[in-house]
Amino acid sequence: MNFDNYRRILHLDLDAFFASVEQRDNPSLQGKAIAVGLNSARGVVASASYEARKFGVRSSMPSSVAARLCPNLIFVPGRMDEYKKASAEVFEIFSRYANLIEQVSIDEAFLDVTDVWRDYGYAMEIAKLIKADIRREVGLIISAGVSYNKFLAKIASDWRKPDGLCVIHPDAALKFIDRLPVKAIWGVGPVTSQKMESLGIFTGKDLREKDLSFLVEQFGSSGLSYYNFARGIDDRPVRTERIRKQVSAEITLSKDEGNLNKLEDTLSELTDYLMTRLRKNDFLGRSLTLKVRFHNFKTITRTQTSNSVFNEKAQILKTAESLLEKIDFNHQTVRLLGIAIGNRLEEDTENMLNLGDMDELTPRLL
């Protein structure tokens with residue numbers, strides 16, 4: 001297979017970013033189990049060093065749980081200004097090697113180096129240079145994945161963390177995918193993973209053995225993506241400007257609350273903030289998702305889609321209240337509430353137009 005006909009995509013992901021910045025700036029923390037966040041009853045781990053991860057400490061974990069898992073865990077308050085500064089330095093380095101850069105988050109990006117890789121011999125050499133520059137100039141470690149599409153580049157960057165570098169060549173892609181657990185497939189979360197396993201799908205190989213009609217029947221529109229990913233197919237381009245999928249607002253309550261009327265008062269305040277964000281982002285969407293996190297950190301979401309866009313407070317608040325009232329609290333108190341508007345109007349129109357082109361719905365085989 002001729003690799004010259006393929007794109008060269010890099011996925012770069014800073015290792016334990018917030019925690020690594022703290023260890024870089026405070027040598028006494030180097031080599032120690034640290035967590036960025038507050039060690040309080042309502043604290044949450046924002047980032048954990050790899051020394052802490054050996055004990056099972058993970059980001060988004062309640063601080064109280066993290067402290068039990070790792071008794072010697074050191075909690076460090078976050079410094080977002082420093083993280084933003086480090087991120088800007090890292091992305092400046094990215095820009096030396098690629099014009100097409102898609103920022104996924106403050107510490108993660110895709111780079112398309114298809115037009116420049118020959119200047120360096122191999123795309124892998126670009127990844128090596130970026131890793132070396134970031135280590136020398138910023139004092140941080142980054143993992144890199146290299147492949148011919150975003151799906152495989154993302155998987156590759158996770159494969160040998162921390163300080164990883166992994167290349168997935170087109171000739172080796174299917175063998176690599178075959179041994180992947182299904183939870184590593186893009187878009188397969190815990191619920192979908194459990195469903196796949198109940199259907200006898202445990203690996204990428206198992207997934208590829210299922211035909212398209214079966215996957216669409218079981219997983220809806222996502223079935224086509226799973227079908228393609230299992231075959232190493234992902235035509236998504238690296239976009240220099242990411243399209244916002246939704247606008248959201250959420251609040252962690254000052255104390256756990258179980259009174260429905262007080263929760264609805266909080267929803268009213270939250271809707272005011274959401275309206276401000278919708279106007280700022282010039283966003284119109286037709287779906288509303290309510291997020292509820294209980295005192296034990298169990299989180300549920302409920303979504304309602306409308307024929308019209310959500311652009312008025314009364315409409316948003318009424319829908320959110322309706323979704324909240326239908327939730328079975330089972331005597332649980334609420335820790336966090338959130339509202340998100342999605343199903344962007346422009347995306348919806350574009351998807352409807354694409355449905356007219358049946359060739360776009362036909363999966364392309366390697």
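Computed over heavy atoms, backbone and side chain alike; hydrogens, waters and symmetry mates excluded.
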Item to check | Lys/Arg cation over aromatic Y227: K210, 6.0 Å, 45° cone | outcome: no

Checklist outcome for this item: So CD1 of I341 and OG1 of T289: to nearest 0.5 Å the spacing works out to 8.0 Å

Checklist entry - Quick one: are E51 and Q23 in side-chain contact, heavy atoms under 4.5 Å? => result yes

Next on the checklist: Using modelled atom types and a 3.5 Å cut-off, is there a donor and acceptor pairing between side-chain atoms of S63 and backbone atoms of V44?
Outcome noted: yes

Item to check | Student check: side-chain heavy atoms of L199 and F214 closer than 4.5 Å | outcome: yes

Next on the checklist: Working to the nearest 0.5 angstrom, can you tell me the gap between N311 CG and L278 CG?
Outcome noted: 9.0 Å

Checklist entry - Going through the checks in order, is the side chain to side chain donor-acceptor pair (under 3.5 Å) test met by T305 and S287? => result CA-CA 4 Å; T305 300; S287 67; 4.9 Å; no

Checklist entry - Do the side chains of M80 and L140 join up, straight or via other hydrophobic residues, at under 4.5 Å, putting them in one cluster? => result yes

Item to check | Side-chain H-bond candidate by donor/acceptor type, Y97 with D133, under 3.5 Å | outcome: yes

Item to check | side chain to side chain donor-acceptor pair (under 3.5 Å) assessment of T203 paired with D206 | outcome: CA-CA 5 Å; T203 65; D206 296 332; 3.3 Å; yes

Checklist entry - Quick one: which of L14, L165, D15, D158 gives a side-chain contact (heavy atoms from CB on, under 4.5 Å) with S143? => result D15

Checklist entry - Do Y226 and F229 have their ring centres less than 6.0 Å from each other? => result no

Checklist entry - Does a sphere of radius 6.0 Å around NZ in K161 hold more than 12 heavy atoms from other residues, nucleotides or ligands, not counting ones at 6.0 Å or beyond? => result yes

Item to check | Lys/Arg N to Asp/Glu carboxylate O, K150 vs E108, below 4.0 Å | outcome: no

Checklist entry - Applying the side-chain contact (heavy atoms from CB on, under 4.5 Å) test to M124, which of L129, V167, L10 qualifies? => result V167

Checklist entry - Does a side-chain heavy-atom distance below 4.5 Å link L260 with E325? => result yes

Next on the checklist: Would a single hydrophobic cluster contain both L290 and I300, if residues Ile, Leu, Val, Met, Phe, Trp and Tyr are joined by side-chain heavy-atom contacts under 4.5 Å?
Outcome noted: yes

Checklist entry - Any luck finding a side-chain donor-acceptor pair between N228 and S225 under 3.5 Å? => result no

Item to check | More than 12 heavy atoms of other groups within 6.0 Å of K313 NZ | outcome: yes

Item to check | Worked check of salt bridge (Lys or Arg N to Asp or Glu O under 4.0 Å) between K128 and E125 | outcome: CA-CA 5 Å; K128 288 181 178 179; E125 295 302 322; 3.7 Å; yes

Checklist entry - Measuring from I34:CD1 to Y50:OH, what's the distance to the nearest 0.5 Å? => result 13.0 Å

Checklist entry - For the hydrophobic clusters of this structure (ILVMFWY residues joined by side-chain heavy atoms under 4.5 Å, transitively), does one cluster hold both F91 and I141? => result no

Checklist entry - Considering residues, nucleotides and ligands other than N307, do more than 12 of their heavy atoms fall under 6.0 Å from its CG? => result no

Checklist entry - Out of curiosity, does V238 fall in the hydrophobic cluster containing V104 (side-chain heavy atoms, cut-off under 4.5 Å, transitive links)? => result yes

Checklist entry - Between the side chains of Y83 and E22, is a donor N or O closer than 3.5 angstrom to an acceptor N or O? => result yes

Next on the checklist: Under 6.0 Å from the ring centre and within 45 degrees of the ring axis: does the NZ or CZ of R8 meet both conditions for the six-membered ring of Y6?
Outcome noted: no

Next on the checklist: More than 12 heavy atoms of other residues, nucleotides or ligands under 6.0 Å from CD of E209: yes or no?
Outcome noted: yes

Checklist entry - Passes salt bridge (Lys or Arg N to Asp or Glu O under 4.0 Å), K326 versus E321? Steps please. => result CA-CA 9 Å; K326 294 176 183 177; E321 289 176 343; over 6 Å; no

Next on the checklist: I'd like to check L317 versus L267 (side-chain heavy atoms, cut-off strictly below 4.5 Å). Are they in contact?
Outcome noted: yes

Next on the checklist: If you count every heavy atom of other residues, nucleotides or ligands that lies below 6.0 Å from K262 atom NZ, does the total exceed 12?
Outcome noted: no

Checklist entry - Is any side-chain heavy atom of F176 less than 4.5 Å from a side-chain heavy atom of I155? => result yes

Item to check | Over 12 foreign heavy atoms within 6.0 Å of CG, N99 | outcome: no

Next on the checklist: Using a 3.5 Å distance criterion without hydrogens, assess whether the side chain of S87 forms a donor-acceptor pair with backbone atoms of I106.
Outcome noted: yes

Item to check | Backbone of G232 reached by a side-chain donor or acceptor of N149 within 3.5 Å | outcome: yes

Item to check | Over 12 foreign heavy atoms within 6.0 Å of CZ, F55 | outcome: no

Checklist entry - Counting N and O atoms only, with roles assigned by atom type, does the side chain of T271 sit under 3.5 Å from a partner on the main chain of I316, one being a donor and the other an acceptor? => result no

Item to check | Other residues, nucleotides, ligands: >12 heavy atoms within 6.0 Å of Y122 OH | outcome: no

Next on the checklist: Has N296 got a side-chain atom pairing as donor or acceptor with K298's backbone, closer than 3.5 angstrom?
Outcome noted: yes

Checklist outcome for this item: Value for OG (S49) from CZ (R53), rounded to nearest 0.5 Å, stands at 8.0 Å

